[in-house]
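Lettering of chains follows the sequences in order, A, B, ..., and the numbering in each one begins at 1.
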Amino acid sequence: MNFVEELKWRGMIHDIMPGTGEQLEKEMTTAYVGIDPTADSLHIGHLVGVMMLRHFQNAGHRPLALIGGATGMIGDPSGKSQERNLLDEKTLRHNQDALKEQLARFLDFYSDKPNAAKLVNNYDWMKEFSFLEFIRDVGKHITVNYMMAKDSVKKRLSGDSRDGLSFTEFTYQLVQGYDFLKLYESHNCKLQMGGSDQWGNITTGTELIRRKTAGEAFALTCPLITKADGGKFGKTESGNVWLDPERTSPYAFYQFWLNTSDTDAEKYIKIFTLLQREEVEALVAEHQEAPHQRKLQKRLAEIVTELVHGKEALETAIEASQILFGKGVTNTLRKLDEKTLLAVFDGVPTFNISREELSAGIGILDLVAEKTAALPSKGEARRTIKGGGLGLNKEKVTADDKQVNISDLLNDKYLLIQKGKKNYFLIIAE
RNA sequence: GGGGAGAUACCGAAGCGGUCAAACGGGGCAGACUGUAAAUCUGUUGGCUCAGCCUUCGUAGGUUCGAAUCCUGCUCUCCCCA
């Protein structure tokens, strides 16, 4: 199966420029995807583009990851993005290095194969580019009429939009188009890929290449990832889902995928895993047979978590999930050694309490509302207990005058507070 | 500049002298059910030393035994006229 067919059945093609498939059949081709270096970690929204590159490399072609050090400072008018912050160069380089490390989990950067991936940063060629040079060498090849015809621009010019379009934003497509031209010239890069919102920007690039060099370049976009319920993909109550384990623990990462809805899981497993068509179809069939087992979600979560965080972290995440959501696990919990316990509850909010205070015994209300921020007030705590919503070490708390002391400690050091089904708090006695 | 209406808890919105920590709806949180889902049903939704007490109805004063409710000043919002 060739690259285009591969993406097609995975539902990853929104738009593709005529001739793209032929170009890829003809020779080993180089393609790039742009990534904003606004943070020192990717989040799962980036993953679609990264997966496109992965499939691209699998198909024997050469992927480029373009860090948008320059473009990221401007802000794409098609996005809802407001003013971007200027990154200083030190931060930019730091982010770039961190991103490369994460990308290396998906792409082969370091082998000596001819299609090894490469990372480039448009800041490197934009920083010395003077305004005068830019408008002379780039601007004159593209008409304003052409630029105005883009949806991203049109939308902002139409009467009802709240703020005008700044000149800088207007220029964005030219700057991005120039990236493509630059990579075309320096790396023989003939294809740019991205989300469907990037189509207009990408075609400005192919147009620029055509007019300036008479060369031919191509575009391929994938649909915006959506959720069946209309929510934004990749967000949880606590914000973005990051690849960096410091920002999003492997457990939370695993849980994110596990909690996808049935319809989304079917879509996501095609996009975010490399499973072959037959495997996916078999899984989907199995899932429809017994939806409550959530085989799809589990497989999806396993594969992506392992890919991003490694086998060991995946196993801990699964173990943690079983402990947190399994039944009758008070004993299991008591038997856990400290290391496993801490790994399981990595990322759970923690609070400290002194041993002296605890050895004197402390009321559950004080513990939960005063010593920790698990619940905002004692009244709230009282109500939660009355409603059966509070757990201590996976045991339901039934009396609001319950005393907690040293003997309740797990591993002689920890207390596990549970509010509702999914909210845990770890108290450390020291 | 003139006239009118209004400001209530997370949001919307009742209340118009005591029985008001304030109806009702939404949202939030929790429980049951379930697949760590959806839908549904139930409870709860100011604080505390919790059968009681304390602070809240734009803001500052006043009337009254007693005010979210009446009076006055102030701030803000909306509408109409110029």
Side-chain angles (χ1 to χ4, degrees), chain A residues 226-239 241 248-269 283-302 304-305 314-330 332-333 344-349 357 360-403 416-426:
Chain A
T226 52
K227 286 206 305 186
D229 65 8
K232 255 209 187 113
F233 168 76
K235 296 263 184 189
T236 64
E237 312 77 55
S238 41
V241 178
T248 300
S249 72
Y251 163 74
F253 189 85
Y254 174 82
Q255 282 286 323
F256 169 82
W257 295 102
L258 192 66
N259 278 315
T260 50
S261 71
D262 293 1
T263 38
D264 289 337
E266 198 175 321
K267 203 163 60 185
Y268 296 169
I269 202 161
L283 264 175
V284 169
E286 249 185 282
H287 182 265
Q288 279 163 353
E289 198 103 335
H292 60 279
Q293 293 187 357
R294 292 190 295 159
K295 289 226 168 93
L296 261 183
Q297 284 92 332
K298 280 182 186 159
R299 198 86 184 87
L300 173 66
E302 275 167 28
V304 185
T305 308
L314 167 67
E315 274 161 16
T316 313
I318 293 177
E319 193 177 350
S321 301
Q322 276 162 359
I323 289 169
L324 262 38
F325 293 104
K327 294 193 181 92
V329 290
T330 312
T332 330
L333 195 62
V344 164
F345 295 107
D346 180 36
V348 160
E357 252 177 307
I362 181 168
I364 184 77
L365 292 178
D366 285 309
L367 179 72
V368 123
E370 300 280 313
K371 298 297 168 196
T372 73
L375 286 162
S377 72
K378 289 195 209 172
E380 184 77 36
R382 220 184 297 269
R383 273 180 240 119
T384 307
I385 290 173
K386 215 186 291 170
L390 192 76
L392 172 67
N393 298 337
K394 289 295 284 183
E395 264 171 21
K396 207 161 256 188
V397 175
T398 49
D400 63 10
D401 57 355
K402 180 183 173 64
Q403 290 289 309
L416 179 67
I417 300 294
Q418 179 180 12
K419 185 194 138 213
K421 240 171 223 143
K422 297 186 185 177
N423 309 301
Y424 289 90
F425 305 89
L426 195 62

When the distance from [atom1] of [X] to [atom2] of [N] is rounded to whole Å, what number comes out?
X	N	atom1	atom2	answer
Glu370(A)	G47(B)	CD	C1'	11 Å
Asp366(A)	C50(B)	CG	C1'	14 Å
Lys295(A)	G35(B)	NZ	P	14 Å
Ile385(A)	C50(B)	CD1	P	14 Å
His292(A)	U34(B)	NE2	C1'	11 Å
His287(A)	A37(B)	NE2	P	14 Å
Gln293(A)	U34(B)	CD	P	16 Å
Glu286(A)	G35(B)	CD	C1'	16 Å

Say you pick atom [atom1] in [N] and the same atom in [M]; how far apart are they, in whole Å?
N	M	atom1	value
G47(B)	G18(B)	C1'	24 Å
C20(B)	G28(B)	P	29 Å
G17(B)	A13(B)	P	22 Å
G66(B)	C16(B)	C1'	16 Å
G73(B)	A23(B)	P	32 Å
A60(B)	C65(B)	C1'	24 Å
U44(B)	G25(B)	P	13 Å
A7(B)	G15(B)	P	10 Å

Indicate yes or no: at least one non-hydrogen side-chain atom of [X] is less than 4.5 angstrom from one of [Y].
X	Y	value
Leu390(A)	Leu375(A)	yes
Phe253(A)	Val304(A)	yes
Leu426(A)	Leu416(A)	yes

May I ask you to decide if [Y]'s main-chain N or O and [X]'s side chain share a donor-acceptor pair within less than 3.5 Å?
X	Y	answer
Gln418(A)	Gly420(A)	yes
Gln297(A)	Thr260(A)	yes
Thr372(A)	Leu367(A)	yes

For [N], which nucleotide is its Watson-Crick or G-U wobble mate, given both distances must be under 3.5 Å?
N	value
G6(B)	C76(B)
G17(B)	none
U44(B)	G28(B)

Practice item. Scan residues 252-260 of chain A against RNA chain B and write down, sorted by residue number, each residue with any heavy atom closer than 4.0 Å; if none is found, say none. Key: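 Contacting residues: Gln255(A), Leu258(A), Asn259(A).
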Study note, to complete from the structure: Residues passing the side-chain contact (heavy atoms from CB on, under 4.5 Å) test with Glu370(A), sequence neighbours excluded, are Asp366(A), Lys378(A)
Practice item. Output all residues satisfying side-chain contact (heavy atoms from CB on, under 4.5 Å) with Lys298(A), sequence neighbours left out; order by chain, then residue number. Key: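 Per chain and number, Lys298(A) pairs via side-chain contact (heavy atoms from CB on, under 4.5 Å) with Leu258(A), Glu302(A).
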Distances under 3.5 Å between nitrogen or oxygen atoms of protein and nucleotides 54-57 of chain B:
none

Point to revise | First encountered from the 5' end of RNA chain B, between Ala369(A) and Asp262(A) | key: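 With Asp262(A) and Ala369(A) compared, the 5'-side residue is Asp262(A).
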Review point. So, for Asp262(A) and Leu296(A), which heavy atoms are closest and what is the spacing to 0.1 Å?
Key: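 Asp262(A) and Leu296(A) have their closest heavy atoms at O-CD1, 4.5 Å.
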Exercise for review: For residues Tyr424(A) and Pro349(A), report the shortest heavy-atom separation together with the two atoms involved.
Suggested key: O-CD, 3.4 Å
Check your understanding: Just checking Gln297(A): base, sugar-phosphate only, or nothing, at a heavy-atom cut-off of under 4.0 Å?
Key -> base
Review point. When all nucleic acid strands are considered with a 4.0 Å heavy-atom cut-off, which category describes Ser377(A): base, sugar-phosphate, or nothing?
Key: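 Here Ser377(A) touches the backbone only, sparing every base.
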Exercise for review: Sequence neighbours left out, what passes side-chain hydrogen bond (donor to acceptor under 3.5 Å, both in side chains) with Thr316(A)? Give chain and number order.
Suggested key: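 Scan of Thr316(A) (side-chain hydrogen bond (donor to acceptor under 3.5 Å, both in side chains), adjacent residues dropped) gives none.
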Revision key, fill the gap. Side-chain contact check for Phe325(A): nearest option of U36(B), U49(B), C48(B) is U36(B)
**Study point:** Whether Trp257(A) and Tyr268(A) hold their rings parallel, tilted or perpendicular, with breakpoints at 30° and 60°
**Key:** perpendicular
Point to revise | Test log, rule side chain to side chain contact (heavy atoms under 4.5 Å, CB included), inputs Thr248(A) and Phe256(A) | key: CA-CA 10 Å; Thr248(A) 300; Phe256(A) 169 82; over 6 Å; no
Practice item. Between protein and nucleotides 25-32 of chain B, map the contacts as a letter string: B base, S sugar-phosphate only, - none, heavy atoms under 4.0 Å, written 5' to 3'. Key: ----SSSS
